[in-house]
Amino acid sequence: DGELVVAIDGPSGSGKTSVSRAVARRLGLAFLDTGAMYRALTWYCLDSGLDLAAATAAADEKLASDVVEAAVELPLIMGLDPEHETVEVDGQDITAVIRDPRISAAVSAVATNTAARAVLVERQRRLIEQTGRRVVAEGRDITTVVAPDATARILLTASPEARMGRRGHQLGGTQTDADLHRQVVQRDARDSTVVDFMTAAAGVTTVDSTELDFAQTVDAVIDVIRASK
Ligand code: C5P
């Protein structure tokens with residue numbers, strides 16, 4: 001089959017990872033979760049002893065250049081099969097641990113480092129090429145920076161209430177409202193200082209999932225892809 005690159009961006013809790021995976025399965029495409037790459041870099045930095053939680057992280061030049069160095073050397077292998085995604089660093093399977101709240105809490109220190117982003121963006125572009133350009137790539141800047149030339153470009157949104165509700169459900173309902181607000185709304189506010197994923201760029205179609213269930217959201221995304229071909 002021919003080239004089909006689907007770029008999907010959106011805030012946390014919008015369902016973009018699970019929706020993108022389902023779309024990739026349905027269309028027989030590879031699946032690239034770029035958030036997992038920022039999480040893998042965060043894990044690697046912490047594993048290497050970098051203190052990302054330092055209050056001055058953004059202002060600390062030494063730390064910032066250490067993060068860039070870590071991005072360049074990151075021994076990362078991404079498994080792009082939507083039936084069985086894997087994230088491996090230095091031979092260790094970190095697919096599950098990168099979802100830990102300690103990683104979510106530290107990831108912005110990496111994601112707001114523009115030089116480190118440039119390194120990851122290059123790797124993401126290479127991975128897209130390696131799929132033969134048959135992939136659903138999902139993140140915050142795929143429609144605008146990584147693959148602005150994608151066949152279909154979608155911004156998946158939902159109200160803050162819906163997004164906090166879904167993330168809470170995902171985490172097993174054990175989080176307080178304040179925790180969820182930190183993990184969803186505050187993280188997005190920090191992240192959106194470097195990339196705008198709250199408003200659709202020109203040529204990007206918005207799918208608002210606030211009133212849709214999972215299956216309806218997948219269908220709405222597939223409709224946009226069909227209309228874009
Ligand atoms: O989507 P997920 O929550 O796994 O993403 C983790 C973090 O990675 C985000 O909070 C954001 O800081 C960063 N990210 C990014 N650009 C992307 C994907 C993720 O900055 N394309």
Side-chain angles (χ1 to χ4, degrees), residues 5-21 24 31-46 52-53 57-58 64 67-68 70-71 74 76 78 80 85-87 89 94-128 135-148 150 153-158 160 163-164 166-171 175 179-198 201 204 209:
V5 176
V6 179
I8 302 183
D9 288 325
S12 16
S14 62
K16 66 185 182 316
T17 302
S18 44
V19 168
S20 299
R21 178 186 299 121
F31 171 51
L32 174 61
D33 170 358
T34 62
M37 296 175 71
Y38 286 89
R39 289 172 179 274
L41 176 55
T42 303
W43 180 89
Y44 186 62
C45 288
L46 293 173
L52 296 179
V67 169
V68 178
L74 182 67
L76 170 69
M78 294 288 294
L80 307 186
E85 303 131 45
T86 52
V87 182
V89 165
I94 58 166
T95 314
V97 298
I98 57 171
R99 305 290 155 194
D100 285 353
R102 81 178 176 100
I103 302 293
S104 305
V107 70
S108 296
V110 164
T112 53
N113 182 313
T114 44
R117 295 192 71 82
V119 174
L120 290 189
V121 165
E122 265 322 301
R123 291 179 84 133
Q124 289 156 12
R125 288 181 179 147
R126 278 203 301 277
L127 285 167
I128 289 171
V135 61
V136 179
E138 163 265 299
R140 302 286 194 283
D141 59 350
I142 313 304
T143 63
T144 52
V145 177
V146 176
R153 296 156 72 210
I154 295 161
L155 182 71
L156 189 60
T157 60
R163 294 190 286 109
M164 286 189 281
R166 285 172 194 165
R167 186 48 55 91
H169 186 74
Q170 235 172 33
L171 294 172
Q175 314 274 307
D179 283 340
L180 287 174
H181 194 267
R182 250 194 305 282
Q183 290 177 39
V184 174
V185 177
Q186 290 183 25
R187 178 152 63 98
D188 283 342
R190 271 198 308 273
D191 292 344
S192 60
T193 59
V194 282
V195 275
D196 181 8
F197 50 84
M198 302 303 257
V204 175
S209 70

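As the structure lists them, so they are numbered: ligands from 1, and atoms in each ligand from 1. All figures in this text were calculated on a predicted structure; none of them were measured in a lab.
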_Could you tell me if the side chain of V87 sits less than 4.5 Å from the side chain of L76, heavy atoms only?_
yes
_Only heavy atoms of R117, strictly under 4.0 Å: list the atoms of ligand 1 that pass._
15 (C), 16 (N), 20 (O)
*Which atoms from ligand 1 have a heavy atom of D141 less than 4.0 Å away?*
17 (C), 21 (N)
_Ligand-side contact atoms (ligand 1) for residue partner G139, heavy atom cut-off under 4.0 Å_ = 18 (C), 21 (N)
*asked:* Closer than 4.0 Å to some heavy atom of K16 - which atoms of ligand 1 meet that?
replied: 1 (O)
*Those atoms of ligand 1 less than 4.0 Å from some heavy atom in V107*: 7 (C), 8 (O), 10 (O)
*Have a look at L155 and tell me which of D9, I8, D196 forms a side chain to side chain contact (heavy atoms under 4.5 Å, CB included) with it.*
D9
*Under a 4.0 Å heavy-atom limit, does M37 contact ligand 1 with its side chain, its backbone, both, or neither?*
neither
*Quick one: are V195 and R117 in side-chain contact, heavy atoms under 4.5 Å?*
yes
*What residue among L32, V6, T34 forms side chain to side chain contact (heavy atoms under 4.5 Å, CB included) with I142?*
T34
_Candidate with minimal heavy-atom separation from atom 10 (O) of ligand 1, of R187, R190, R99_ = R187
*R166-S14 side chain donor-acceptor pair, cut-off 3.5 Å*: no
*asked:* Within the structure provided, determine whether Q175 and R167 are in side-chain contact (heavy-atom separation under 4.5 Å).
replied: no
